[in-house]
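Structure first, commentary second.
Here the structure is a predicted model, which means the values were calculated and not measured. Quick note on labels: first sequence line is chain A, next is B, and so on, each numbered from 1.
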There are 4 protein chains.
Amino acid sequence: MRTANKHRKIIQAAIHVFAKKGFFNARISDIAKAAKVADGTIYLYFNNKYDILISLFEEEITTLIQSANDSLKTTTDPRKKLEIFALQHLSLLENQRELAEVLQVEIRQSNIFQNGYRNQRFAEYLDIISTIVQEGQEQGLFRIDVNLNLMKRIFFGALDESSRLWILSAEHDLSIVETARQICDIVLSGITRRVYPRPVHIVAGSMSMISK
Amino acid sequence: MRTANKHRKIIQAAIHVFAKKGFFNARISDIAKAAKVADGTIYLYFNNKYDILISLFEEEITTLIQSANDSLKTTTDPRKKLEIFALQHLSLLENQRELAEVLQVEIRQSNIFQNGYRNQRFAEYLDIISTIVQEGQEQGLFRIDVNLNLMKRIFFGALDESSRLWILSAEHDLSIVETARQICDIVLSGITRRVYPRPVHIVAGSMSMISK
Amino acid sequence: MRTANKHRKIIQAAIHVFAKKGFFNARISDIAKAAKVADGTIYLYFNNKYDILISLFEEEITTLIQSANDSLKTTTDPRKKLEIFALQHLSLLENQRELAEVLQVEIRQSNIFQNGYRNQRFAEYLDIISTIVQEGQEQGLFRIDVNLNLMKRIFFGALDESSRLWILSAEHDLSIVETARQICDIVLSGITRRVYPRPVHIVAGSMSMISK
Amino acid sequence: MRTANKHRKIIQAAIHVFAKKGFFNARISDIAKAAKVADGTIYLYFNNKYDILISLFEEEITTLIQSANDSLKTTTDPRKKLEIFALQHLSLLENQRELAEVLQVEIRQSNIFQNGYRNQRFAEYLDIISTIVQEGQEQGLFRIDVNLNLMKRIFFGALDESSRLWILSAEHDLSIVETARQICDIVLSGITRRVYPRPVHIVAGSMSMISK
DNA sequence: TATGAATGAGCGTTCATTCAT
DNA sequence: GATGAATGAACGCTCATTCAT
């Protein structure tokens, strides 16, 4: 058929152009040229420029959600799951760098919200984290005094901001795997130095600073 | 004096307008109107629209850095310092909501980097975190197997993403203070449930929050 | 046959669409959809959009001319003929409302002339009027001091502008028949040759025939 | 002042361009160039292209109404008034040819109505005619069995269509004055109240149609 | 300094027309 | 012949920036 995967080609081109120039600086003709398509053709597949951004987001994040859910089936250990999730999230930086940049920077601009678009898919993505944490709580592995909504933000924020570091650094002193590992390590066990090596029986100390 | 006032008025107006419409959707005339100044007057104080954004960022973040450094002088405890930093950062949401939105969303767009601007001030702001963590390490309070560059990103990312949650939520189930406390708690001690209660003689008070 | 049918279908669709949206606001795809034909198919029967308008006009006005000429054969009285012509012209409003609108509004735009099209058929249509008037003059019924070219315009203009009234009015206080009658009444009274000089001294009374 | 009469200049330029190319074929840049103004300047004075057309119409027709009302004050004879009106209307062809063309062709396209614009000013202009006729009726000069709404259309239609003849003809066998005179002659003869019944022996048959 | 009218480059979008199937 | 996906020139409109006052 003629249509082939024009829709896909345009999305891919848009990822490329948005990553390079940003949504507002990107011109439709840039995307058209990158997709090897006429300007007008884009409007056969999308309503307007903004619709490209939304569609791009919806489709890619849906893929990520699916992919994450698949990977998470390989284990029942919530701690392991968090690591898998972190690793997959950061791996996007290596495998689909431009998509990672677009998702991180463009999609989460206020503009995407300002235009009345409710970011349902992104919420679903974040909920993968809270679901894992909840499982950990139910299995008695995680503290239950942590707000789940906050927790997913903390974990995702750590991943996201670390991505930014990775993107901005020309050479990376930490690999994706090591970055994921450290993030999980910290979130799971914190950065406070234990006085005694953690035994089977954990004994922590000096929480004074976080109490009033 | 007149000059300084007008410069300030324009920055304030820009914060208001950028927060409401976003940088790209904001018009110079919007800012001029909000600043009660003629369009042309803006160009007596700024080179171009983009320069307003940069100046806004430079000045506001400088204030934040100064303010943070001042507050941090009140203690030498790195754990306390992290808490102070977190609290100040999140407090922006209540005290200068629009500035918080602009800094979070607009400033960190890739565009600001794409245009060749090196975000030195933001790096300084993040370095406050790593400096604190380093102090903690030197004092033997924090683990030393944590990459400082990564650590500052993790902490900032957690704060930043939590801010987003706060901004997007109409009603807040967690206060600024409680949010800051939980973030610090997690980063400092992790979310893993301890098998045995931590030694009471260390910090009794803090246990209430993490035990059942 | 198939061909002729499709040509006709497209013309009919064009009448419908042009009447509704106007020539310039009408899209080829609108016409194609109304004709239940593919966009490209239209170009098998017409050279371009403008050609549809011209063809539409040529064909419809030819039909009108033919139809008028047929009807006019039923009498030799020029006064009766004018009445027949007027009635047929206005009847279009009831029988083919959309065609009437297109002919009135679109066809007579200057654009149709600006594009170099010489409106021969329309001239023929108008000439039916002048021919009738000429006959009336030759039969000694009509004044001969009236310019024929002007006369046909006056009569047609009266009909045409009355059509506009009829089209714009939601409810019609005058029927088609009554409208035609009044127009003919006025124009005929105006051009009818008087046997006797008109009375210089106006005296009221004896208006039985023209008053209610 | 800087603004000067830019509004006026643009209207004048629009009259020129619309007359030459038609509304739809006219480009904003054409008008801007003709007005010796930048494209964007037009949007300081008008909301959009269509608004230029409407404004043009409103202003010009208002002037015509004013001008007509002024001229009509010079006499109380309704017959004379009709002549004055006709003469002024047709004189536009000589004095402001392009305006005449625009008013005739562009303004009265259905599009101007289709867009929800109610042509109040044009109605006022037409009402000048019906007011005159009504005066004639009240003075016993004109027949009273003529629908006023129809009458104004007949008279205006005759003028309007005659204008078209005049515009289309390269050389004019009838002057403006003579055209106005003949139109008035015919219409006046048609609507003038007769003192004596018309001679029956001339054309009895024709009366059936105009008498009850 | 301050103004705000004027500028004009730039771009999103439309749609008549083409042409491979 | 018929289709309708694809094309790309064209244009209305915006808005950052300038500059005469």
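- Nucleotide E/dA6 holds its P atom 13 Å from the NE2 atom of D/H7, rounded to whole Å.
- Counting any heavy atom pair closer than 4.0 Å across all strands shown, D/I28 reaches sugar-phosphate atoms only and no base atom.
- For the pair B/A38 and C/A26, both in contact range of DNA chain E, the more 5′-proximal nearest nucleotide belongs to B/A38.
- Rounded to whole Å, atom C1' of E/dT17 lies 12 Å from atom CD1 of C/I52.
- Here the closest heavy-atom approach between residue B/L64 and residue B/L103 is recorded as CD1-CD1, 3.8 Å.
- Between C/R8 and C/E60, at least one side-chain N (NZ, or NE/NH1/NH2) sits under 4.0 Å from a carboxylate O, which counts as a salt bridge.
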For DNA chain F, the dot-bracket notation using Watson-Crick and G-U wobble pairs below 3.5 Å, [ ] for pseudoknot-type crossings and | for other-strand pairs, is .||||||||||||||||||||

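- Here F/dT18 presents its P atom at 13 Å from CG of B/D51, a figure rounded to the nearest Å.
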Yes or no on side chain to side chain contact (heavy atoms under 4.5 Å, CB included) for C/I31 and C/K49, after CA distance, side-chain angles and deciding distance? CA-CA 10 Å; C/I31 300 172; C/K49 186 184 177 186; 5.6 Å; no

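- Residues satisfying the ring pair (Phe, Tyr, Trp, His ring centres under 6.0 Å) criterion with B/Y43, sequence neighbours excluded, are absent altogether.
- Proximity note for A/D39 (side chain, C-beta onward) versus E/dT13, F/dT3, F/dA6: the nearest is E/dT13.
- Atom CZ of D/F57 and atom OG1 of D/T62 lie 8.5 Å apart (nearest 0.5 Å).
- For the OP1/OP2 pair of F/dA2 and a distance below 4.0 Å, the side-chain nitrogens and oxygens of C/K6 include at least one atom meeting the criterion.
- Of the candidate nucleotides E/dT17, F/dG12, F/dA16, E/dT17 has the atom nearest to the side chain of C/Y43.
- Atom-to-atom, CZ of A/F24 to C1' of E/dG12 comes out at 13 Å; the value is rounded to the nearest Å.
- In this structure, the nucleotide among F/dA16, E/dT7, E/dT3 sitting nearest to the side chain of B/R27 is F/dA16.
- Atom NZ of D/K20 is separated from atom CG of D/N25 by 12.5 Å, given to the nearest 0.5 angstrom.
- With sequence neighbours excluded, no residue satisfies salt bridge (Lys or Arg N to Asp or Glu O under 4.0 Å) with B/D39.
- Of the two residues near DNA chain E, B/I42 and D/V37, the one whose nearest nucleotide lies more 5' is B/I42.
- Both D/S29 and C/L44 lie near DNA chain F, and the one whose nearest nucleotide falls closer to the 5' end is C/L44.
- B/Y50 has no side-chain polar atom (N or O) that falls below the 4.0 Å cut-off from OP1 or OP2 of F/dA16.
- With rounding to whole Å, C/N25 atom CG is found 13 Å from F/dG12 atom P.
- Between C/K49 and E/dT17, a side-chain N or O to OP1/OP2 separation shorter than 4.0 Å is absent.
- Between D/F24 and C/F24, the ring planes are parallel. Angles under 30° get that label, and only those over 60° would be called perpendicular.
- Rounded to a whole Å, the CD1 atom of A/I31 is 17 Å from the P atom of F/dG8.
- Here E/dT13 presents its P atom at 10 Å from CG of A/N47, a figure rounded to the nearest Å.
- Here the P atom of nucleotide F/dG12 and the CZ atom of D/F23 are 9 Å apart, to the nearest Å.
- Comparing A/G40 and B/N48, the nucleotide of DNA chain F nearest to each residue sits closer to the 5' end for A/G40.
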